[in-house]
Amino acid sequence: MSTESRLASPRSHPWMALSAPGVIDDMLDYIGVSSVEALFEQIPADHRRKTPLTLPPALTSEMELKRDLVTRLKKNENCEDNLSFLGAGVWQHHVPAIVDEIVGRTEFATNVWGSYQSDHGRNQTWFEFSSQLGALLNLDVVQLPVYSWGCASGHAIRMAAKITGRRKVLVPQFSDPERLSVIRTYCQPQEMDSAIEVVLVAADPTSGRLDLNDLNAKLGPDVAAVYLENPAYLGTIETDAADIAKRARAAGAETIVGVDPISLGVMTAPGDYGADIVTGPVQPLGVHMHCGGGAGGFIASRDEETYVRSYNGFLVSIAETREPGQHAFGLACPHQNSYGMREDGNDWTGNSTYLWAIAGAVYMSLLGPDGFAEVGRLIVSRARYASKLLGEVPGVRIVWPNTQFKEFVVNFDDTGKRVAEINDALRAHGIFGGKDISGEGLGLGQSALYCVTEVHSAADIRRLADTLKEVLS
Amino acid sequence: MSRVPDFHAAKWDEPVIMEMGRPGGRGQIFPAPENEVIDSVGDDLIPAAMARKDRPKLPEITEFEAQRHYLHLSQMTLGMMGISLFGTCTMKYNSKTSEFATLRPELSEVHPYQHEDTLQGVLGIMHEFDGILRSLSGMDQFIFQAGGGADAAYTMTALARAYWRDRGMLGQRTEMVTSAQSHPCNPATAAAAGFKVINLPLEENGYPSLDALKAAVSDKTALIMLNNPDDMGIYNPEIKEWVRVAKEAGALCFYDHANFNGVMGKLSARELGFDACMFMLHKTFGAPKAGGGPAVGAFGCSNDLAPYLPTPVVVKDGGRYRLDEDRPKSAGKVREYWGNVPQVVKAYAWARGMGAEGIQLASDISVVANNYMDKRLSEIPGLAISNPDVKAHRMEMTRWSLGPLAEETGIGTVDFANRMADYGIDPWWMSHEPWIVPEPFTPEAGELWSKEDIDLWIDVIAKIAEEARTDPETVKTAPHNQAVAQVKGDVFEDPSKWAMTWRAYQRKIVGSGKTERGAA
């Protein structure tokens, strides 16, 4: 797009008040220098860049800029126009309109940080995020979310290592490779003195759940934590979670459980089956997929000082004010993070995903206990229905039928076709098939991880099954 | 002297959401499963061992009540709708054009595992923006996976591990060298990555000496991590020599471009010799900060380091964009997926909206505005500039101290921050740790604010300085015109009183009768 015009004249920029004619000159006069250049006296001449800055032409009018953005973005296909069954850490859930309104409020969206009083409303919203999530988890401490679920789990494992003084973590063999990669990064290469060894616990091939014999064999006195997810990466429900937590405790290890918060209207709260530290994604709580940019991860625990003192980020506590009977909110234990203690703080913190705490607060308040029960029941029913219909397609096998929450593994070995081919064919029909997990080294052959949520109607599911039949025939 | 506004914040005396509603109240209803679903699979589908028996203690309110409650809370958030000259964070206008564009389903309802053919629009934007950052920095490849500036610093430390591991020297290259005044994320991420941190002390001129650097770097140094200019507004003129010395010792050199605003278009990290750098898109590039993220630390490096980058990397093959996951030397991921994509799109939009000329003008403006502020602030008795021996004009922000005023009146920087809000001015940024001047504050005007805004901001500071002398009690007990009175901090370090959730508050405070506020 060319913006050149012979008629163009210099104008002040809509985003820069001081670009209006004459203002800078007045300010330079006041400062007492003759040129802007004189103010850059600290930078030696040979530090200045030699190559000229060449960028694409400016689109200073909002009209042109909008057109450029929309034209480019329209080259994407999306999950509203297509029927998508992708999940695996980013899921298509319904986002209530009120959530979009509130997270779009400029007071919330733009600012960085004020004081406990000037930004009281945001601090209260943050506290309400933690309070409502705490009610779903049955836990008393919830930290504001970190970058992602994988990052939350990485921090949680490091917390456990610090608390126990041990340097090994047991994680499921059937782990999401994205999250596992992040966890490995957080635990460092084994050559580092402070590394935490990541040891995989085998899965029971008949159920997809943790193999308790292998767990027992690996659960020694050097293990800081057992990490499991419920529902797990491949959608299975870990019915032995309480038993696993008991075994971990007996071995002096922490139990860290990753949970999908949208399941907690129908699934037992992890605080009730022995989880010591709980992590999970915030994206299901009213955040769009945003091409993965909706990720965020929470960390929660019981209110015991050992745990509280090992968090890396922001803990918002209710507090009193100078006005009797009034409450407000502020940061508990602010000195233990990296802002307070640099390299001696707990891991590190910085800008994170706090806008999604606001989304989550609004979302949870809209659903309430009945909404969570309804959405959980709807998801599990439709997911189960989908697995049943797909299992009836010739050559298609559901690897662990009747055990999943919203995701399940579909195996295509008997069709003689690769998942990639099948997904290409589905896409031609406007359907995004499940995530291809054939290359993940899970030993599950040509398999895809399908995700079904409340947004998928029975008709959508029939359309998937019918189309699959067609493309496989 | 500006007219100081007669301001009062909205004060709704809003209950905590956990106190609201009524049994059976609903804000969101989902359909029941269709009959064909129930007929096919039944309804009682969660295994008994995992089926929830208790009812989560969540509020039960209507849709409108939720909307109204959170609108009230947004109204009780000053949130830069005053004047925020919040140094180190470079407050900018966040274009609603790009906000609305990224909320369209063409981006918001896109899944990162979609086939690349369906992602050509967003991949194209990311590739184009990578090119813009390459032009600004001289680096060869950018990625956007890091969820903030600190996460980009962590990316650097992970990359350094992979780099030295690849050379079989991870056991030897165990140290990271930085300045005592670098952003805390640099030493913190290096320590979390397993490196020993060496902080170089500052000299009178505001930065560590070259001799101190020479004494610190050795064949044990894995990397150095630097900001320049620093938060004092001082530019280290020896930085090229620093990079040369560090590289001579074999170390990798990382430029934390957190303070890029004053040098945009004027410096090239690569021309200065750095191997890698990072830009904060939620700060310098006009994407919103969102009260602490989602943010993006765009990480860029030379071709020599590119093989170690976390995956995926957006690449262009012919006319088609794709995500390159096949990088065997990769340091691994620092976060799932490929970044806070909407924020990258907003940063792209900012760069296009500004253009090369606009970006250079913005850096000029930010330095002019800061020097204007410095001169005006220097005329207020009781304020002291940091590093007074440095006579040169500062860059885009300056560290100031209320030390003399605090000695005279007992009023310090926290008191000021609290009082500023009474005039509708957003509280200022004080300083990162460690505080190297007493009672610090760090203003930064950037290119957003008008001269009238800056003048009003300074007039309010002058007024509070006057109040500190004439009516210190009012300042000490501020704020008085806010949604809530001054928060008492005694609970924050007290395990018997802190309460991070309503459940904890009910159990510890209400249950034990430690407050006059009744239980819900």
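Worth saying up front: this structure is predicted, and the values here are computed from it rather than measured. Chain naming here is simple, since letters A, B, ... match the order of the sequence lines and numbering starts at 1 in each.
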Please rank [options] by heavy-atom pairs under 4.5 Å with chain B and give me the top one.
options                                    : value
Asp370(A), Asp140(A), Leu355(A)            : Asp140(A)
Ala269(A), Ala195(A), Ser194(A)            : Ala269(A)
Val316(A), Thr54(A), Asn138(A), Val23(A)   : Asn138(A)
Thr51(A), Asn423(A), Val142(A), Thr349(A)  : Thr51(A)
Gly340(A), Ser457(A), Gly134(A), Pro189(A) : Pro189(A)
Lys66(A), Glu323(A), Arg122(A)             : Arg122(A)

Answer with side chain, backbone, both or neither: which region of [X] has an atom nearer than 4.5 Å to a non-hydrogen atom of chain B?
X         : result
Ala361(A) : both
Ser84(A)  : neither
Lys74(A)  : both
Asp193(A) : neither
Ile237(A) : side chain
His13(A)  : side chain
Tyr339(A) : both
Tyr30(A)  : both
Asp81(A)  : neither
Ile358(A) : neither
Glu101(A) : side chain
Arg184(A) : neither
Ile98(A)  : side chain
Ile102(A) : side chain

Quick check on [X] against chain A: is it the side chain, the backbone, both or neither that has a heavy atom closer than 4.5 Å?
X         : answer
Glu63(B)  : both
Met81(B)  : side chain
Ile38(B)  : neither
His432(B) : side chain
Asp426(B) : side chain
Arg335(B) : both
Arg104(B) : side chain
Asp151(B) : both
Glu357(B) : neither
Tyr93(B)  : side chain
Val341(B) : both
Ala362(B) : both
Gln482(B) : side chain
Ala158(B) : side chain

Minimum heavy-atom separation for [X] to [Y], with atom names?
X         : Y         : answer
Asn76(A)  : Val122(B) : OD1-N, 2.9 Å
Pro187(B) : Val197(B) : O-CG2, 3.4 Å
Tyr337(B) : Ala88(A)  : OH-O, 3.3 Å
Arg377(A) : Asp43(B)  : NE-OD1, 3.0 Å
Ala328(A) : Val487(B) : CB-CG2, 3.6 Å
Val368(B) : Met27(A)  : CG1-CB, 3.9 Å

Do we see a donor-acceptor contact under 3.5 Å between the side chains of [X] and [Y]?
X         : Y         : value
Glu34(B)  : Tyr385(A) : no
His111(B) : Gln92(A)  : no
Thr77(B)  : Ser74(B)  : no
His282(B) : Asn351(A) : yes
Gln486(B) : Gln117(A) : no
His327(A) : Tyr505(B) : no

What residue in [options] has the most heavy-atom pairs under 4.5 Å with chain A?
options                                   : answer
Gly489(B), Ala421(B), Ser98(B), Ala392(B) : Ala392(B)
Lys488(B), Lys333(B), Glu433(B)           : Lys333(B)
Gly265(B), Gly148(B), Ala369(B)           : Gly265(B)
Met80(B), Arg507(B), Glu271(B), Gln343(B) : Glu271(B)
Gln120(B), Met354(B), Glu60(B)            : Met354(B)
Trp338(B), Phe86(B), Trp449(B), Phe30(B)  : Phe30(B)

Legend entry - Residues Glu128(A), His69(B); criterion side-chain hydrogen bond (donor to acceptor under 3.5 Å, both in side chains); working and verdict: CA-CA 11 Å; Glu128(A) 294 181 356; His69(B) 174 71; 2.8 Å; yes

Could you tell me whether [X] and [Y] have their ring centroids closer than 6.0 angstrom?
X         : Y         : value
Tyr354(A) : Phe108(A) : no
His288(A) : Trp356(A) : no
Tyr235(B) : His47(A)  : yes

Legend entry - Exceeds 12 heavy-atom contacts within 6.0 angstrom, atom NZ of Lys57(B): no

Legend entry - Within 6.0 angstrom of Glu62(A) CD, more than 12 heavy atoms from elsewhere: no

Inset, instruction - Please tell me if the side chains of Pro56(A) and Ile132(B) come closer than 4.5 Å, counting only heavy atoms from C-beta onward. - result: yes

